[in-house]
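Have a look at the structure below, then the notes.
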Amino acid sequence: MSKVQNIKGMRDHLPQAMLLRQHILTVITRVAERYGFEPLQTPVVEYAEVLEGKLGDEEKLIYRFEDHGGRRLALRYDQTVPLARVVAQYGAAVALPWRRYAYGPSYRGERPARGRYREFYQFDVDIVGSGSPLADAEIVALLTDALAELGFPGFTTLLNHRQVIGGIARVSGLDEEAAGGVYRAIDKFDKLGADGVRQELLRAGVQPAAADHILALVQIEGEPDAVLAALTEQLAGDARASAALDNLRAIIAGLAAMGVPAERFRVAPRLARGLAYYTGMVFETITPHWPEGSLLGGGRYDELIGQFAGRPVPTVGLAFGIDRLHDVMEELGLGPRTTSTAMAYVTIFSAELTGASLELARELRAGGVNTLVSLDPAAGLGKQFKEADRKGVRYALVLGPDEVARNEVVVKDLRAGEQRSVPREDVLAALRG
RNA sequence: GUGCCUGUAGCUCAAUGGUUAGAGCGCCUGACUGUGGAUCAGGAGGUUGUGGGUUCGAGACCCAUCAGGCACCCCA
């Protein structure tokens, strides 16, 4: 193919997009480190068998290939399985509990759509080696802080537990085998409504009475305590579900104690989530501004790492979908509208004064001011101002013969359209002020 | 992976199967004094996503392919 083109479902991020993405990354990193999380980076490529057998149905989406030596390799599907590999591989070198964050691309061979790509970036935070409900709560508290700091309006985290869903299926007379289709049907509640889900359930082979029972349970809404109380009553006969509800109660108590506002989370028995490795609490964060999917999701997976390590390592974590956060923020006009990394543009008045301008630029940079300098001494000031303006730089500086003679610099605020002459030694202060 | 829709200038879009495919915005040059935006005058920019086919004639119709969007599926 001679065509100049990028791969389907994989995007180039031009400077304006990158500046917003970096802002998102900076905010989330700051929040994660505020909670004491530590960075980890792993390769994009893993041995195929590392990824296989952990993802259930989704395994067909893994990109696989052979290297020059005939080894079966795969592009990572997420950053959770690589984390499990690392924990198993380095043993006591990582002290548990371990709070880890990781940022990078993952790959899934899906049909691309809005907010969904074949190469996509996730920011993962996980707490490895703790089964405490405080760990679950901390993950949710962290994401709430991060989204609030990014300026997201009206987001809510829906909480559920794998064994609550399991209990609903069991109490309705279904075996674990039939439960898969039930989960998928339940998960579509917001999209299909009660009648639609009922039809799906019947299609999955659920008896009408059982379907009605499931629907009744799944539709329980209200304050977390009230929802939990109602579910406790309905699922009293199921020991695992009862334990799960106690677990959710402890997590919610933790959230309150950590200062997470009550309007930021709800208990939603209809939340299912697809990834096969979740074992405990599951959650996803939604916003009315992104109706077709979640901003991020996660949960507790107590057995995945054990598959590698040979010992139980309870873990809870989440993945921020950076591409989605970016798309939503762009649509809502959130975040900085920066188009340049530079704050100042130093013009060059003439070939003879090139040295003076470069010297000024060097001083500004030494003083911590991001500075762009003209590359064309032959260009008129008008053209240079235009370049500065187009780049979105706020200040243009002029150092002509008059300024040199008076040891001054003209500082022009391109946004305000005003300019003034300041003594050379005050330029840094003028730009910072 | 399945179905539907779309692809024309850097961007947003025009053009009944019929001359040399147009407009707005943007871009470049100049009017402009040592100065961006505003105004005016010029200018550049297209193998109509790509490859086949039908036709006297295709941007338009057909097939394939690539890319994007929507609905499934699933998910970040």
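Every chain is numbered from 1 and lettered A, B, ... according to where its sequence line falls, protein lines coming before strand lines. No hydrogens, no waters, no symmetry mates; every other heavy atom, side chains included, goes into these values.
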Considering only atom P, compute the distance from B/C62 to B/G43 and round it to an integer number of Å.
39 Å
Ignoring hydrogens and angles, answer whether the base of B/G34 and the side-chain atoms of A/Glu403 contain a donor-acceptor pair closer than 3.5 Å.
yes
Would you say A/Arg365's side chain and A/Thr371's backbone share a donor-acceptor pair under 3.5 angstrom?
yes
Test A/Val409 against every option in A/Glu403, A/Arg424, A/Arg420 by the side-chain contact (heavy atoms from CB on, under 4.5 Å) rule and name the one that passes.
A/Arg424
Work out how far the C1' atom of B/G42 is from that of B/C61, and round it to whole angstrom.
41 Å
So does A/Gln384 reach the base of B/U35 with its side chain, donor to acceptor, closer than 3.5 Å?
no
Spell out, as yes or no, whether a donor-acceptor pair under 3.5 Å connects the side chain of A/Arg108 to the backbone of A/Phe120.
no
Report which part of the nucleic acid A/Gly9 touches: base, sugar-phosphate, or nothing (heavy-atom distance under 4.0 Å, all strands).
sugar-phosphate
With centres under 5.5 Å and planes under 30° as the test, does A/Phe320 stack with B/A76?
no
Ring-ring centroid check A/Tyr345 A/Tyr395, cutoff 6.0 Å
no
Protein-nucleotide distance (A/Lys383, atom NZ; B/G34, atom C1'), rounded to Å
17 Å
Check whether any side-chain nitrogen or oxygen of A/Arg390 sits under 4.0 Å from OP1 or OP2 of B/C28, and answer yes or no.
yes
A/Arg100 to A/Phe37 six-membered ring, cation-pi geometry met (6.0 Å, 45°):
no
Distance check, C1' atoms only: B/A58 and B/U48, in whole angstrom units.
11 Å
B/C28 phosphate, OP1 or OP2, under 4.0 Å from A/Lys386 side-chain N/O:
yes
Could you check, using the six-membered ring where one of them is a Trp, whether A/Tyr77 and A/Tyr107 have ring centers closer than 6.0 angstrom?
no
RNA chain B: A/Asp389 or A/Gly109, which has the more 5' nearest nucleotide?
A/Gly109
Please measure how far the P atom in B/G1 lies from the corresponding atom in B/A64, and state the result in whole Å.
16 Å
Separation of atom CG in A/Leu381 from atom C1' in B/C32, rounded to whole Å
12 Å
Sorted by position of nearest nucleotide on RNA chain B, 5' first, the leading residue of A/Phe349 and A/Phe120 is A/Phe349
Using the rule given for side-chain contact (heavy atoms from CB on, under 4.5 Å), can you reason through A/Tyr35 versus A/Ile127, listing the C-alpha separation, both sets of side-chain angles and the distance that settles it, and then say yes or no?
CA-CA 11 Å; A/Tyr35 280 81; A/Ile127 302 178; over 6 Å; no
Any donor-acceptor pair under 3.5 Å joining the side chain of A/Gln79 to the base of B/A76?
no
Taking only Watson-Crick and G-U wobble pairs with both distances under 3.5 Å, what dot-bracket line describes RNA chain B, where [ ] shows pairs that cross earlier ones and | shows pairs with another strand?
(((((((..((((....[...)))).(((((.......))))).....(((((..]....))))))))))))....
Length of the line joining A/Arg108:CZ and B/C73:C1', which is rounded to integer Å:
14 Å
Could you go through A/Ile24 and A/Phe320, starting from their C-alpha distance and side-chain angles, then the distance that decides it, and tell me whether this counts as side-chain contact (heavy atoms from CB on, under 4.5 Å)?
CA-CA 10 Å; A/Ile24 294 169; A/Phe320 291 90; over 6 Å; no
What about A/Arg111: does its side chain form a donor-acceptor pair under 3.5 Å with the base of B/G3?
yes
Taking donor-acceptor contacts at under 3.5 Å, does the side chain of A/Lys412 reach the base of B/G36?
yes
